[in-house]
Amino acid sequence: MAENQKTVDRFAHAKRVRFKDRLKKAIVVYPPIESLLLEIMENAPQWKDRIVPTYSDENSHPPGTVCAYLRSVRPRVGKDGKGVYFEIGTYTVQAAHDVTVLNYTAPVPDTLTATLPKRDDNDQALTATIRGVALGETVLLESSRGTGGYKLAEIVLGRLISRWCPRPAPKAGEKPLASPNWPSIELMDVVSQGLKDAIQSGGGVTRISLRVSAGSENEDEDSFEFRLRDQLGEFQNSIKFHARWDAGTDPLDEESILAVAMEALEDGSGIDQIVLDLKNATKITSLSKYKMRDVLKVRVDKSNGTLYATDIVDGLWGYLDDLRVANKAMWRLINDDGYFTNNGTVSLKIKS
């Protein structure tokens with residue numbers, strides 16, 4: 001490494017794509033996420049048409065509006081050529097920023113509030129970038145502070161898909177589509193192999209305790225949350241419901257344990273507490289450390305603090321490749337096309 005460089009850690013998180021009309025009884029084959037991102041770029045070649053909230057010349061954004069847009073989508077070059085790299089830019093319209101005058105001879109530096117000057121009669125805005133790669137039903141995201149994070153990426157991608165990605169027309173005799181476009185998406189947290197390893201090293205789960213709150217809105221009838229919330233309504237004015245399952249001779253089913261853990265990690269999940277008692281008398285009381293993520297080593301130029309964005313891009317592709325390689329136990333999270341393997345993680349919908 002050059003003397004004028006240092007290395008910092010950035011984090012990439014694995015997310016699973018879920019379409020928001022999944023509760024319909026009809027079997028739907030959803031397109032891979034990378035094809036939808038490329039379709040957005042094809043159908044909306046002007047960047048102003050890829051802004052969220054929607055921009056138009058007649059209805060421009062007022063000052064102070066926080067905006068995000070899909071900046072670019074690039075197919076992978078080299079390796080197996082599968083997947084796309086994408087960037088989401090975020091900015092605030094005509095935002096005023098505090099500026100410190102670096103006069104080191106003054107007892108107190110002057111602080112001014114100012115907006116960026118116009119360029120060619122166009123406003124300018126400070127921009128942060130969310131970077132990611134997408135394949136199949138997998139999205140890997142690197143997001144620094146101040147960008148709006150993973151939730152903003154979910155909102156931007158979901159709205160643009162529902163705006164610019166038409167569904168195939170129904171065949172003769174099929175019911176007409178409720179909407180001509182694909183629905184919005186959610187980006188789900190993914191449980192890592194670490195949780196599976198912890199359960200197995202502890203001899204399996206002998207007891208699982210769950211707590212669900214009254215304010216949850218999950219309407220998936222197959223979910224644990226929905227079924228527990230149904231019991232919550234048995235007593236008027238109750239706001240929490242606790243449930244516990246104890247194993248007999250054999251530990252509780254591991255796949256069902258992983259499924260409820262996935263559900264508890266969802267944003268806005270009504271399952272606000274989960275405790276796993278293991279056979280070796282230890283407990284797992286927090287799932288946060290079992291979220292799938294990877295550390296990216298990124299070079300920084302010491303002279304100006306500039307990140308080497310190519311390190312982030314290469315790190316994201318490397319993480320995607322690692323997730324598709326089987327470990328010693330012949331387990332891998334996703335297959336070659338980016339879809340979650342049957343033994344890698346269980347379905348989000350569990351039969352009653």
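Note that the numbering runs from 1 along the sequence shown for the chain.
Closest of all the heavy-atom pairs between G158 and S184 is CA-OG, 3.2 Å. Listed here is the closest heavy atom pair of D49 and W164: O-NE1, 3.0 Å. Here the shortest heavy-atom pairing between P166 and N43 reads CD-ND2, 3.9 Å. Shown here for R167 and P183, the closest heavy-atom pair between the two residues is NH1-CD, 4.3 Å. A68 approaches L152 most closely through the heavy-atom pair CB-CD2, 4.0 Å. Pairing each heavy atom of A134 with each of L37, the nearest pair is CB-CD1, 4.0 Å.
Of the inter-residue distances, the one linking E142 atom CD with I130 atom CD1 reads 9.0 Å to the nearest 0.5 angstrom. One distance of note links CD1 of I33 with CH2 of W182; it measures 11.5 Å at 0.5 Å rounding. Distance check: R299 CZ to N4 CG gives 10.0 Å after rounding to the nearest 0.5 Å. Taken to the nearest 0.5 Å, the CG atom of L102 stands 11.0 Å off from the CG atom of D110. Note that CD of Q200 is 6.0 Å distant from NZ of K196, once rounded to the nearest 0.5 Å. Residue L287 holds its CG atom at 6.5 Å from CG of L276, rounded to the nearest 0.5 Å.
In this structure, R76 and V84 have side chains that are not in contact, with every pair of non-hydrogen atoms separated by 4.5 Å or more. Taking 4.5 Å as the limit, some side-chain heavy atom of V205 sits within range of a side-chain heavy atom of L278. Annotation: side chain of R163 is not in contact with side chain of R50 (no heavy-atom distance under 4.5 Å). Inter-residue side-chain proximity for L135 and R324 is flagged as met; some heavy-atom pair is nearer than 4.5 Å.
When hydrophobic clusters are built by joining Ile, Leu, Val, Met, Phe, Trp and Tyr residues whose side-chain heavy atoms come closer than 4.5 Å, directly or via intermediates, Y55 is not grouped with L160. Hydrophobic clustering (ILVMFWY, side-chain heavy atoms < 4.5 Å, transitive): Y308 and F11 are in distinct clusters. Hydrophobic clustering places I271 together with I199 (ILVMFWY residues linked when any side-chain heavy atoms are closer than 4.5 Å, directly or through intermediates). Linking ILVMFWY side-chain heavy atoms closer than 4.5 Å, directly or via other members, places L187 and V73 in a single hydrophobic cluster. Residues W47 and M41 are members of separate hydrophobic clusters, defined by side-chain heavy-atom contacts under 4.5 angstrom among Ile, Leu, Val, Met, Phe, Trp and Tyr.
Judged by distance alone, with hydrogens and angles left aside, the side-chain atoms of E137 form a donor-acceptor pair with the main-chain N or O of F340 at under 3.5 Å. The closest donor-acceptor contact from the side chain of N181 to the backbone of S162 lies under 3.5 Å. Side chain of Y319 to main chain of R293: a donor-acceptor pair is present (N/O by atom type, distance under 3.5 Å, no hydrogens or angles). Remark: side-chain polar atoms of T138 are paired, donor with acceptor, to backbone N or O of G338 under 3.5 angstrom. Side-chain N or O atoms of Q124 include one that pairs as donor or acceptor with a backbone N or O of P117 at under 3.5 Å. Side-chain atoms of T206 come within 3.5 Å of backbone atoms of D277 as a donor-acceptor pair (strictly under, hydrogens ignored). Within the 3.5 Å criterion, the main-chain N or O of Y339 finds no donor-acceptor partner in the side chain of D337. In this structure, D120 contributes its side chain and N122 its backbone to no donor-acceptor pair below 3.5 Å. A distance-only check finds a donor-acceptor pair linking the side chain of S238 to the backbone of F235 [under 3.5 Å]. Using a distance-only test at 3.5 Å, with no hydrogens or angles considered, a donor-acceptor pair links the side chain of S201 to the main chain of D197.
Salt-bridge check for K118 with D121: failed, with every basic side-chain N at 4.0 Å or more from each acidic carboxylate O. Salt-bridge annotation for K240 and D272: present, with a side-chain N of the basic residue lying under 4.0 Å from a carboxylate O of the acidic one.
For K283, the NZ atom sits in a loose shell: 12 or fewer heavy atoms of surrounding residues, nucleotides or ligands are nearer than 6.0 Å. Within 6.0 Å of the NZ atom in K82, the count of heavy atoms belonging to other residues, nucleotides or ligands exceeds 12.
When only modelled atom types and interatomic distance are considered, N103 and T105 share a side-chain donor-acceptor pair under 3.5 Å. For T127 and R71, the side-chain atoms include no donor-acceptor pair closer than 3.5 Å.
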Any chance you could lay out the side-chain contact (heavy atoms from CB on, under 4.5 Å) test for K48 and Y69, step after step, and finish with the verdict? CA-CA 8 Å; K48 69 177 183 179; Y69 65 101; over 6 Å; no

Apply the test side-chain contact (heavy atoms from CB on, under 4.5 Å) to residues L307 and V8: give CA-CA distance (whole Å), side-chain angles for both, the deciding distance (0.1 Å), then the verdict. CA-CA 9 Å; L307 287 172; V8 297; 4.0 Å; yes

Can you list the steps and then say if L141 with F86 is a side-chain contact (heavy atoms from CB on, under 4.5 Å)? CA-CA 10 Å; L141 290 170; F86 65 92; 3.6 Å; yes

Test side-chain contact (heavy atoms from CB on, under 4.5 Å) on I274 and I284; report intermediate values, then the result. CA-CA 8 Å; I274 177 171; I284 296 174; over 6 Å; no

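Just one of I161, I185, L36, L157 meets the side chain to side chain contact (heavy atoms under 4.5 Å, CB included) condition when paired with V17; it is I185. Looking at R18, K15, K20, R16 one by one, the single match for salt bridge (charged side-chain N to carboxylate O under 4.0 Å, His left out) with E186 turns out to be R18.
The aromatic rings of H13 and Y150 lie tilted to each other, with the angle between the two planes from 30° to 60°.
For V93, the side-chain contact (heavy atoms from CB on, under 4.5 Å) partners at least two apart in sequence or on another chain are H61, T65, C67, Y91.
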